[in-house]
Engineer: 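Below is a structure I'd like to ask you about.
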Amino acid sequence: VPVLVKVDSTNVPNREGMRFYLEDGTKLPYEVENWNPTGESSVWVKVPVLKASASTNIWGYYAQQAAANDAKQVWSSDYEVVEHFAALSEQTKDSTGQHTAQVVGEVATQDGALGTAAKLTGQQKLVYDAVGAGNTQLTASVVIDSEVFSDWAGLVCRDKNGGQKE
């Protein structure tokens, strides 16, 4: 289960030396969503199990030397696309490493509820290659600011049969 951890820069001077562990010493993979050397940073840590009936403690450490880490391990094969909007370019790869998006229009970013957010005005979009191909059901989770965004149509849609949206 990916868990969002906020890291204060006063405790960790750079992201290369971070490490996360369970209490039993199991090393946990992590993905840095965004790094702010003078403020708060967002890091996703994969915790094997979270139970509602028990606490799960994870430990974060910092060392001077870089730690081996594979950020793609944070997102299991159950995740088709994970987009944080932190480093968008003309062609941008999602965090799972499975899909590439074509960015249409200039997408501005800003601070959001969970980290970096895309500021979309209706003229920009991210078009992914074959997301969910072969699946009959797909769940999409999006965090939006309802005070700013009121046009829900087309927020998340799937192109079927050459342009017919569903």
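The chain is numbered in sequence order, starting from 1. The analysis underlying the following values was restricted to heavy atoms, covering all of them including side chains, and did not include hydrogens, waters or symmetry mates.
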Engineer: Report the C-alpha separation of Arg19 and Tyr62 in whole Å, then their side-chain angles, then the decisive distance to 0.1 Å, and conclude whether the side chain to side chain contact (heavy atoms under 4.5 Å, CB included) test is met.
Structural biologist: CA-CA 6 Å; Arg19 293 163 174 77; Tyr62 173 76; over 6 Å; no

Engineer: Which residues satisfy the side chain to side chain donor-acceptor pair (under 3.5 Å) test with Gln102, sequence neighbours excluded?
Structural biologist: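 So Gln102 forms a side chain to side chain donor-acceptor pair (under 3.5 Å) with Gln91.
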
Engineer: Decide whether Leu50 and Leu28 are clustered together by the hydrophobic rule: side chain heavy atoms of Ile, Leu, Val, Met, Phe, Trp, Tyr closer than 4.5 Å, transitively.
Structural biologist: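 Linked within one cluster.
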
Engineer: What residues form a side-chain contact (heavy atoms from CB on, under 4.5 Å) with Asp78, not counting sequence neighbours?
Structural biologist: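 Scan of Asp78 (side-chain contact (heavy atoms from CB on, under 4.5 Å), adjacent residues dropped) gives Ser76.
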
Engineer: With sequence neighbours excluded, what pairs up with Glu40 under the side-chain contact (heavy atoms from CB on, under 4.5 Å) test?
Structural biologist: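 Once residues adjacent in sequence are excluded, the partners of Glu40 under the side-chain contact (heavy atoms from CB on, under 4.5 Å) criterion are Lys6.
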
Engineer: Could you tell me whether a side-chain N or O of Asn34 sits under 3.5 Å from a main-chain N or O of Ser41, the two making a donor and an acceptor?
Structural biologist: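 Judged by distance alone, no pair lies under 3.5 Å.
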
Engineer: Among all residues two or more places apart in sequence or in another chain, which pass the side chain to side chain donor-acceptor pair (under 3.5 Å) test with Asp24?
Structural biologist: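 Testing Asp24 for side chain to side chain donor-acceptor pair (under 3.5 Å), a comparison that skips the adjacent residues, returns Thr26.
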
Engineer: Compare every heavy atom of Leu4 with every heavy atom of Ser42, then report the nearest pair and how far apart it is.
Structural biologist: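 Closest approach of Ser42 to Leu4: CB-CD1, 3.9 Å.
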
Engineer: Suppose we screen for side-chain contact (heavy atoms from CB on, under 4.5 Å). Which residues come up paired with Glu23, at least two apart in sequence or across chains?
Structural biologist: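 Expected list: Asn57, Trp59.
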
Engineer: If you group Ile, Leu, Val, Met, Phe, Trp and Tyr whenever their side-chain heavy atoms sit less than 4.5 Å apart, what else falls in with Val104?
Structural biologist: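 Taking Ile, Leu, Val, Met, Phe, Trp and Tyr as members, Val104 shares its hydrophobic cluster with Val127.
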
Engineer: What's the shortest heavy-atom distance between Val74 and Glu31, and which atoms?
Structural biologist: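 Looking at all heavy atoms of both residues, the closest pair is CG2-N, 3.6 Å.
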
Engineer: Please check if atom NZ in Lys72 has more than 12 non-hydrogen atoms from other residues, nucleotides or ligands closer than 6.0 Å.
Structural biologist: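 Check fails, neighbour count at 12 or below.
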
Engineer: State, yes or no, whether a side-chain contact exists between Val49 and Val1 at a heavy-atom distance under 4.5 Å.
Structural biologist: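 The answer is no, as the side chains (C-beta and beyond) never meet within the 4.5 Å cut-off.
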
Engineer: Give a yes or no on whether the backbone of Val5 and the side-chain of Tyr30 come within a donor-acceptor separation of less than 3.5 Å.
Structural biologist: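 No, Tyr30 side chain to Val5 backbone: no donor-acceptor pair under 3.5 Å.
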
Engineer: Looking at side-chain heavy atoms only, is the closest gap between Phe20 and Lys27 below 4.5 Å?
Structural biologist: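 No. Closest side-chain heavy atoms not under 4.5 Å.
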
Engineer: Glu80 and Thr96: which non-hydrogen atoms are nearest, and at how many Å?
Structural biologist: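 Heavy-atom minimum between the residues: O-OG1, 3.5 Å.
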
Engineer: Shortest non-hydrogen contact from Val3 to Val47?
Structural biologist: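 Heavy atoms of Val3 and Val47 come nearest at CG2-CG2, 3.8 Å.
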
Engineer: For Met18 versus Val7, what's the shortest heavy-atom pair and its separation?
Structural biologist: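 The pair with the smallest heavy-atom distance is SD-CG2, 4.4 Å.
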
Engineer: If every non-hydrogen atom of Trp75 is compared with every non-hydrogen atom of Pro2, which pair is closest and at what distance?
Structural biologist: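 Scanning both residues, the minimum pair turns out to be CZ3-CG, 3.3 Å.
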
